[in-house]
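Chain naming here is simple, since letters A, B, ... match the order of the sequence lines and numbering starts at 1 in each.
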2 protein chains.
Amino acid sequence: MGIADDSVEIRSQGWRTLAALHGLIEGELERALTSNVNLSVVEYTVLDALSRQHGWHMRMQQLGRATALSPSATTRLVNRLEERGLLTRVLCADDRRGIYTELTAPGQALLADARPVHDETLERALTQARDMPELAPLVDALPTLTRA
Amino acid sequence: MGIADDSVEIRSQGWRTLAALHGLIEGELERALTSNVNLSVVEYTVLDALSRQHGWHMRMQQLGRATALSPSATTRLVNRLEERGLLTRVLCADDRRGIYTELTAPGQALLADARPVHDETLERALTQARDMPELAPLVDALPTLTRA
DNA sequence: CATAAATGATTGCACACGCAACTATGCCGC
DNA sequence: GCGGCATAGTTGCGTGTGCAATCATTTATG
């Protein structure tokens, strides 16, 4: 068993750690956001991503990449948020196939409510993961990759 | 805006990076495993976790934690794998509430087929992520946390 | 120009998931 | 032993998701 086999095992180990930490954080966020502001994690991700965009509008495809969701799931996700009045569809003039989504005022207001819930829950989840020997190294590594 | 606010933003940034990388890898693994050996990522995770256990048996609850799945999802996941003959339920004598799951010979055989698919796909996904500026730091950090 | 290929987004369908309620077994204090 | 409580696992139900097929619009090709 040579060096190549070791690197395979190291990669798998890193992936398991990544998946475990992701599952822990997402589970905590899901519970906190749904019970407090009635938003799932992906729904929050959409609102948050929109709020970071210039002019607060994005194409469907960008939303799909931002949320790691399929096109069909993206469509229905936007449907749900639009029916709740949190965002609006705006078809862009230059390419009439494309559709922009924009945050509405209620959407921005709900996001303002959701952000502290999200941030505090994330902090609690990370401190919780920090106490697990398997996850601690990854938790410590996260803040170091802010700047390239 | 002081130091505290910065750390909140740094945490959120790290979480977005983690989620993005997780989504990319899981998507690649899902496609590769389903098309080649007809296994989802969680199903592979179960078989892999079982193969790492002494005696190849685990309780349902352990499987739930290993896969970040709810109890109900764990039950039905084991149902699917049992119906395919890849594992068997074995109720343990000391605590008759608990149920052990064991890999069968076909389960081990299928896992042997699936592992190279999994490993090669993981490597491709990581090199792919390595070329994305926002994901590269995390990809590079992963191998460093094997031992801590 | 007309027609084919490509792209953005949506719908039909089957399925995996979480939550809440439920059953069954184990663990107490009395 | 016996009621009360906790724990392990399973089921009913509603819902979010991916895949494949589809429609609409843009771009390329003859």
Side-chain angles (χ1 to χ4, degrees), chain A residues 19 22-36 38-46 57-84 86-102, chain B residues 19 22-36 38-46 57-84 86-102:
Chain A
H22 179 274
L24 172 67
I25 296 176
E26 182 159 64
E28 292 293 324
L29 287 178
E30 194 77 42
R31 276 182 285 274
L33 287 174
T34 53
S35 67
N36 284 292
N38 196 29
L39 282 176
S40 70
V41 175
V42 278
E43 290 168 348
Y44 175 87
T45 303
V46 166
H57 67 300
M58 280 177 89
R59 306 180 89 101
M60 299 291 289
Q61 214 167 4
Q62 294 178 270
L63 257 57
R65 273 190 288 107
T67 55
L69 245 45
S70 70
S72 63
T74 307
T75 291
R76 291 184 252 249
L77 174 54
V78 169
N79 283 346
R80 294 197 300 272
L81 296 174
E82 189 180 28
E83 284 161 10
R84 288 174 62 179
L86 302 176
L87 54 79
T88 55
R89 278 183 168 87
V90 182
L91 27 86
C92 44
D94 54 321
D95 185 348
R96 293 194 310 187
R97 298 170 300 183
I99 291 184
Y100 285 130
T101 51
E102 269 189 27
Chain B
H22 179 273
L24 172 67
I25 296 175
E26 182 159 65
E28 293 293 324
L29 287 178
E30 194 77 41
R31 276 181 286 275
L33 287 174
T34 53
S35 66
N36 284 291
N38 196 28
L39 282 177
S40 70
V41 175
V42 278
E43 289 167 349
Y44 175 86
T45 302
V46 166
H57 66 301
M58 280 176 87
R59 307 179 84 104
M60 300 290 289
Q61 214 168 3
Q62 295 177 271
L63 259 58
R65 273 190 286 106
T67 55
L69 243 46
S70 70
S72 64
T74 307
T75 290
R76 291 185 252 248
L77 173 55
V78 169
N79 284 346
R80 294 197 300 272
L81 297 174
E82 189 180 29
E83 284 161 10
R84 288 174 62 179
L86 302 176
L87 54 78
T88 55
R89 279 184 167 88
V90 181
L91 29 85
C92 44
D94 53 319
D95 184 349
R96 294 194 310 187
R97 297 169 301 180
I99 291 184
Y100 284 131
T101 52
E102 269 190 27

Could you tell me the separation between the [atom1] atom of [X] and the [atom2] atom of [N], rounded to a whole number of Å?
X     : N      : atom1 : atom2 : answer
B:M60 : D:dT7  : CE    : P     : 18 Å
A:L63 : C:dA9  : CG    : C1'   : 13 Å
B:L91 : C:dA24 : CG    : C1'   : 12 Å
B:R65 : D:dG9  : CZ    : P     : 11 Å
B:M58 : D:dA8  : CE    : C1'   : 15 Å
B:R59 : C:dT25 : CZ    : C1'   : 12 Å
B:E82 : D:dG9  : CD    : C1'   : 13 Å

Under the side-chain hydrogen bond (donor to acceptor under 3.5 Å, both in side chains) test, which residues partner [X], sequence neighbours left out?
X     : answer
A:S70 : A:S72
A:R89 : A:N79, A:E82
B:R65 : none

Exercise. Can you check whether A:M58's main-chain N or O pairs, donor with acceptor, with A:T101's side chain at less than 3.5 Å?
Worked result: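 Side chain of A:T101 to backbone of A:M58: a pair is present.
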To the nearest 0.5 Å, what is the distance between [atom1] on [X] and [atom2] on [Y]?
X     : Y     : atom1 : atom2 : value
B:L39 : B:R84 : CG    : CZ    : 5.0 Å
B:L33 : B:E43 : CG    : CD    : 9.5 Å
B:I99 : B:L63 : CD1   : CG    : 11.5 Å
A:D95 : A:R59 : CG    : CZ    : 5.5 Å

Exercise. Would one find a side-chain N or O of B:R89 under 4.0 angstrom from OP1 or OP2 of D:dA8?
Worked result: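 Result: no.
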For this session: Give me the ring orientation class for A:Y100 and A:H57: parallel if the planes are under 30° apart, tilted from 30 to 60°, perpendicular past 60°.
Result: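 If you compare the ring of A:Y100 with that of A:H57, the planes turn out perpendicular.
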Are there any protein N/O atoms within less than 3.5 Å of an N/O atom in nucleotides 25-27 of chain D, and if so, which ones and at what distance?
{"unit_1": "D:dT26", "atom_1": "OP1", "unit_2": "A:R96", "atom_2": "N", "d": "3.3"}

Exercise. Through what angle, rounded to 10 degrees, does the axis of the helix from C:dC1-D:dG30 to C:dC30-D:dG1 turn between its ends, using five pairs per end?
Worked result: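 The value is 30°.
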For this session: Answer whether the closest heavy-atom distance between the side chains of B:L91 and B:R96 falls below 4.5 Å.
Result: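 Heavy-atom side-chain distance check fails, nothing below 4.5 Å.
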Problem set entry | Non-hydrogen atoms of A:E26 and A:V41 that approach each other most closely |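 Taking A:E26 first and A:V41 second, the nearest heavy atoms are O-CG2, 3.9 Å.
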Exercise. Nucleotide by nucleotide, 5' to 3', does protein get under 4.0 Å of the base (B), only the sugar-phosphate (S), or neither (-) in nucleotides 14-19 of chain C, counting heavy atoms?
Worked result: --SSBB
